[in-house]
Amino acid sequence: MARAGPGGGRRRGGWRRVSSAVTPAAAPEVPAVSEHSVRVRFAPAPSGWLHVGSVRTALFNWLWARHTGGTFIWRIEDTDADRATDASMQSMIEAMRWLGLDWDEGIEVGGPYGPYRQSARADLHRAVARRLADRGHLYHDDRSPDELNAWRQERRDADLPPIVKRDTVPDASEGTLRLALPTSGTTSVDDLVRGEVTWDWANESDPVLVRSNGAVTYPLANAVDDLAQGVSVVCRGEDLLSVTPRQRRLYELLLADDLLDDALAEAGLPARDPSWEAPSTFAHLSMVVGQDRKKLSKRHGSVSIQEFARRGFLPETLLNYIALLGWSPRDGRERMDRDEVVAAFDLTNVGASAAAFDTDKLTAFNGERIRDLSPDALAHRLVPHLDGTHLPDDDEGDPDPTFEPVVATPPTDEQMATLVALVPLVQERMQTLAEIADYAPPFFREVGIDDAAAAKVFRKAGAVEALEAGARVLADVDWTVEGIEEALRGLTDELGIGFGKVAQPIRVAVTGSNVSPPLFESLEIMDRAVVLLRLEAALPIARDIQAGTD
RNA sequence: GCCCCCGUCGUCCAGCGGUCGAGGAUCCCACCCUUUCAAGGUGGUGACGCGGGUUCGAAUCCCGUCGGGGGUACCA
């Protein structure tokens with residue numbers, strides 16, 4: 001990833017020192033938190049769900065806080081009451097908890113610089129706006145949205161940029177309040193991910209800070225709260241890169257002559273720590289795109305993070321995989337657990353190009369992780385995929401509402417015992433937890449025989465004989481893997497056919513499918529009586545198919 | 001249109017002027033193993049968007065171009 005700009009050395013700042021002071025084995029004499037400690041925040045608007053892109057932003061913030069021993073703040077930006085929903089917020093909380101991303105200050109958990117829901121900070125925002133207006137930084141724009149849109153269209157039609165500046169609008173006494181931005185000169189920021197980025201003030205449109213209904217907008221609330229909460233590092237999506245100049249202008253204005261401190265006092269909110277300055281570090285993360293390099297689609301990860309749980313992905317896998325989207329440790333390791341990622345993560349070493357979400361790679365990671373689980377742990381993780389909590393995919397990839405739970409909620413002791421016995425058989429052949437729904441049913445209840453499997457296997461010569469002989473020898477044999485194997489393998493000589501021709505018909509008869517865990521082990525954990533019954537029941541089906549074949 | 005960002009195997013990353021006849025992961029293919037399906041093992045295909053320049057030397061630096069993305073809201 002070539003980093004544009006002359007910033008090759010810009011990443012060598014003081015971060016290493018900070019990070020080395022907080023590794024788990026940090027020497028006790030080094031204070032874990034200094035006056036320059038990292039304070040990062042995740043600040044989503046509560047509309048919609050957490051998806052891969054927003055989770056990556058949350059994760060990188062969280063990782064940087066944990067790596068540096070800093071503070072991870074979760075603030076909710078619900079200044080637009082029309083879009084914010086409580087359901088969305090609850091869903092986000094659930095997703096964060098599932099991923100194991102904990103926050104030190106923020107919604108639900110509180111903290112010294114709350115409230116952490118912007119709608120609860122409206123008094124502060126208004127107090128700030130009033131002071132800004134008093135100092136002459138704001139002006140009224142009384143055009144209606146329709147008028148504004150018409151004006152913008154005119155400008156575009158004339159190939160002119162629709163940039164609003166104080167002198168392009170009448171200074172009316174009523175209407176929305178805009179911030180008067182500088183009209184000339186440039187401003188630049190040294191972004192951790194992108195290097196130096198420069199803007200010309202002449203191209204920056206004056207943002208609306210207060211709506212006609214009196215509510216403040218994101219540009220104001222975001223800047224105020226970042227300052228009031230002592231945020232030191234702003235790490236967010238690239239979609240907010242263009243908003244940086246006006247935000248930094250606001251920082252300047254708010255910090256001048258104690259404007260913000262006075263407003264904080266007036267609103268009765270906690271004072272800022274005197275050592276806090278404006279956020280000095282910015283990191284704009286690239287977008288996450290689909291495998292087609294276009295916007296994230298439903299097939300490619302633009303789904304709620306809960307959807308990944310439903311599809312049988314482990315939270316550890318997601319965390320590991322998403323951390324690798326745009327970042328990698330110096331030694332090139334890919335499979336890492338949470339602590340390893342925290343230890344190795346480096347915000348100053350994040351790539352700037354858009355990352356495509358690759359479900360195949362995620363799936364491969366997941367399979368490996370499943371194999372690393374202890375059988376007992378895996379059994380417990382499997383339960384939600386059997387009891388109806390997580391529905392398997394239907395043909396369209398949507399939750400299948402016709403899925404019949406395989407075990408009770410909670411599972412009976414007997415069901416749990418069966419599951420624990422089954423786990424070693426399926427563990428190494430699963431990529432996702434959801435696949436258990438394919439393997440498990442015949443071990444728990446009666447299942448029909450799959451037509452395609454029957455057609456394929458029963459029509460082969462020797463199938464009927466294999467079923468008959470299988471039932472015969474299995475009727476009295478030691479019901480152990482060894483006993484079953486010996487009996488069944490003995491059949492190849494007796495019938496004069498290969499073992500595959502013996503095993504497949506029996507597999508289909510007993511499991512209903514031509515794909516299953518290993519036969520002997522599968523039979524062993526089933527009831528002998530059940531096995532014999534199924535072999536018996538399959539016989540007429542096999543005979544029919546053979547008859548039709550001739 | 002205007003502003004900004006990005007551009008190495010299909011995909012994710014490594015590469016920070018010579019050690020790159022470009023490395024790892026994933027995907028794909030082949031072979032081994034094998035009672036199905038997997039897993040595992042071995043091997044393989046596959047990339048510096050293009051054009052100029054700087055330099056003894058460029059994937060690495062500069063310029064241009066093309067392509068992709070974001071912004072251009074009284075959304076965030």
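A, B, ... follow the sequence lines: proteins, then strands. Residue 1 opens every chain. Just so it is clear, the values below take in all heavy atoms, side chains as well, and ignore hydrogens, waters and symmetry mates.
- Side-chain N/O atoms of S328(A) include none lying less than 4.0 angstrom from OP1 or OP2 on C12(B).
- As rounded to the nearest Å, C63(B) and C5(B) have P atoms that lie 12 Å from one another.
- Nucleotides A30(B) and U72(B) are separated by 49 Å at their P atoms, to the nearest Å.
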From CA spacing to verdict: salt bridge (Lys or Arg N to Asp or Glu O under 4.0 Å), R333(A), D331(A)
CA-CA 6 Å; R333(A) 270 138 72 224; D331(A) 57 17; 2.8 Å; yes
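- Counting non-hydrogen atoms under 4.0 angstrom, T511(A) reaches nothing in the nucleic acid.
- Nearest to the side chain of L241(A), among C2(B), C5(B), C6(B), sits C5(B).
- Distances from the side chain of A364(A) to the nucleotides G71(B), C3(B), U26(B) place U26(B) closest.
- Y321(A) comes within contact range of no nucleotide atom at all, as no heavy-atom separation falls under 4.0 Å.
- With a cut-off of 3.5 Å on both Watson-Crick or G-U wobble distances, the partner of G67(B) is given as C6(B).
- If you check distances only, the side chain of E334(A) does reach the base of G24(B) with a donor-acceptor pair under 3.5 Å.
- Here U26(B) presents its P atom at 11 Å from CG of D358(A), a figure rounded to the nearest Å.
- Nearer the 5' end of RNA chain B, as judged by each residue's closest nucleotide, is the contact made by A356(A), out of S516(A) and A356(A).
- OP1 or OP2 of G40(B) lies within a sub-4.0 Å distance of a side-chain N or O belonging to R371(A).
- At a threshold of 4.0 angstrom between heavy atoms, the contacts of R143(A) include nucleobase atoms, whether or not backbone atoms are also involved.
- More than 12 non-hydrogen atoms from other residues, nucleotides or ligands lie less than 6.0 angstrom from CD of E494(A).
- The aromatic ring centres of F357(A) and Y321(A) sit less than 6.0 Å apart.
- Here the separation of G7(B) from G49(B), taken at their P atoms, is 9 Å to the nearest Å.
- As a whole-Å value, the separation of M430(A) CE from C37(B) C1' is 13 Å.
- If you take atom P in G23(B) and the same atom in A38(B), they sit 30 Å apart, rounded to whole Å.
- As rounded to whole Å, 13 Å separates atom P of G71(B) from atom CZ of R194(A).
- Residue R211(A) has a polar side-chain atom (N or O) positioned under 4.0 Å from OP1 or OP2 of A76(B).
- Between R152(A) and the phosphate of A73(B), there is a side-chain N or O to OP1/OP2 separation shorter than 4.0 Å.
- Using a 4.0 Å heavy-atom cutoff across all strands shown, P518(A) reaches at least one base atom of the nucleic acid.
- Distance, L324(A) CG to A14(B) C1': 11 Å, rounded to whole Å.
- Contact annotation for L240(A): base contact, defined as any heavy-atom pair under 4.0 Å involving a base atom.
- Across every strand in view, C33(B) sits unpaired, with no contact that passes the Watson-Crick or G-U test at under 3.5 angstrom.
- Checking C74(B), C4(B), C16(B) against every side-chain atom of W199(A), the shortest atom distance belongs to C4(B).
- Ring geometry for F499(A) versus F520(A): interplanar angle of 30 to 60°, hence tilted.
- Of the candidates G7(B), U35(B), G70(B), the closest approach to any side-chain atom of M287(A) belongs to G70(B).
- Of the candidates U35(B), C13(B), A76(B), U35(B) carries the atom nearest the L519(A) side chain, counting heavy atoms from C-beta on.
- The shortest non-hydrogen separation linking F282(A) to R248(A) is CE1-NE, 3.8 Å.
- Contact annotation for T198(A): backbone-only contact, meaning every heavy-atom pair under 4.0 Å involves sugar-phosphate atoms and none involves a base.
- The same atom, C1', is picked in A47(B) and in C13(B); the two are 13 Å apart, to the nearest Å.
- We find that R143(A) and D141(A) are joined by a salt bridge, their nearest charged nitrogen and carboxylate oxygen being less than 4.0 Å apart.
- C12(B) atom P lies 11 Å from atom CZ of R56(A), rounded to whole Å.
- The P atoms of G51(B) and C56(B) are separated by 23 Å, rounded to the nearest whole Å.
- In this structure, R155(A) reaches neither bases nor backbone, as no heavy-atom distance under 4.0 Å exists between it and the strands shown.
- Taking the charged nitrogens against the carboxylate oxygens, E238(A) and R194(A) do have a contact shorter than 4.0 Å, which makes a salt bridge.
- In this structure, V243(A) reaches the bases: a heavy-atom distance under 4.0 Å links it to at least one base atom across the strands shown.
- Here P517(A) lies in heavy-atom contact (under 4.0 Å) with a base.
- For G52(B) and G70(B), the P atoms lie 32 Å apart once the distance is rounded to whole Å.
- The residue D360(A) sits close only to the backbone: its heavy atoms come under 4.0 Å of sugar-phosphate atoms, none of a base.
- Atom-to-atom, CZ of R83(A) to C1' of C74(B) comes out at 11 Å; the value is rounded to the nearest Å.
- One interatomic measurement links the two molecules: CE of M89(A) to P of A76(B), which rounds to 17 Å at whole-angstrom precision.
- The base of C74(B) does not come close enough to the side chain of T217(A) for any donor and acceptor atom to sit less than 3.5 Å apart.
- Among the atoms of the strands shown, base atoms are found under 4.0 Å from some heavy atom of R246(A).
- When heavy atoms are screened at a 4.0 angstrom cut-off, E238(A) is found touching base atoms of the nucleic acid.
- For S286(A) and E368(A), each mapped to the nucleotide of RNA chain B holding its nearest heavy atom, the one lying further toward the 5' end belongs to S286(A).
- Among U36(B), G70(B), C2(B), the nucleotide with an atom closest to any side-chain atom of Q504(A) is U36(B).
- Taking a cutoff of 4.0 Å between a charged side-chain nitrogen and a carboxylate oxygen, R75(A) and D226(A) qualify as a salt bridge.
- Distance N320(A) CG to C12(B) P: 17 Å, rounded to the nearest Å.
- Residue-environment remark: CH2 (W199(A)) exceeds the threshold of 12 foreign heavy atoms within 6.0 Å.
- Among the nucleotides A73(B), C4(B), A39(B), the one closest to the side chain of P162(A) is A73(B).
- U54(B) is unpaired under the Watson-Crick or G-U wobble criterion, no partner having all donor-acceptor distances under 3.5 Å.
- Closest to the side chain of D80(A), out of A76(B), C3(B), C5(B), is A76(B).
- Nearest nucleotide to the E428(A) side chain, out of C16(B), C37(B), A39(B): A39(B).
- When distances are taken from the side chain of R156(A) to each of C2(B), C74(B), U72(B), the shortest belongs to U72(B).
- A close approach under 4.0 Å does occur between a side-chain nitrogen or oxygen of R489(A) and OP1 or OP2 of U35(B).
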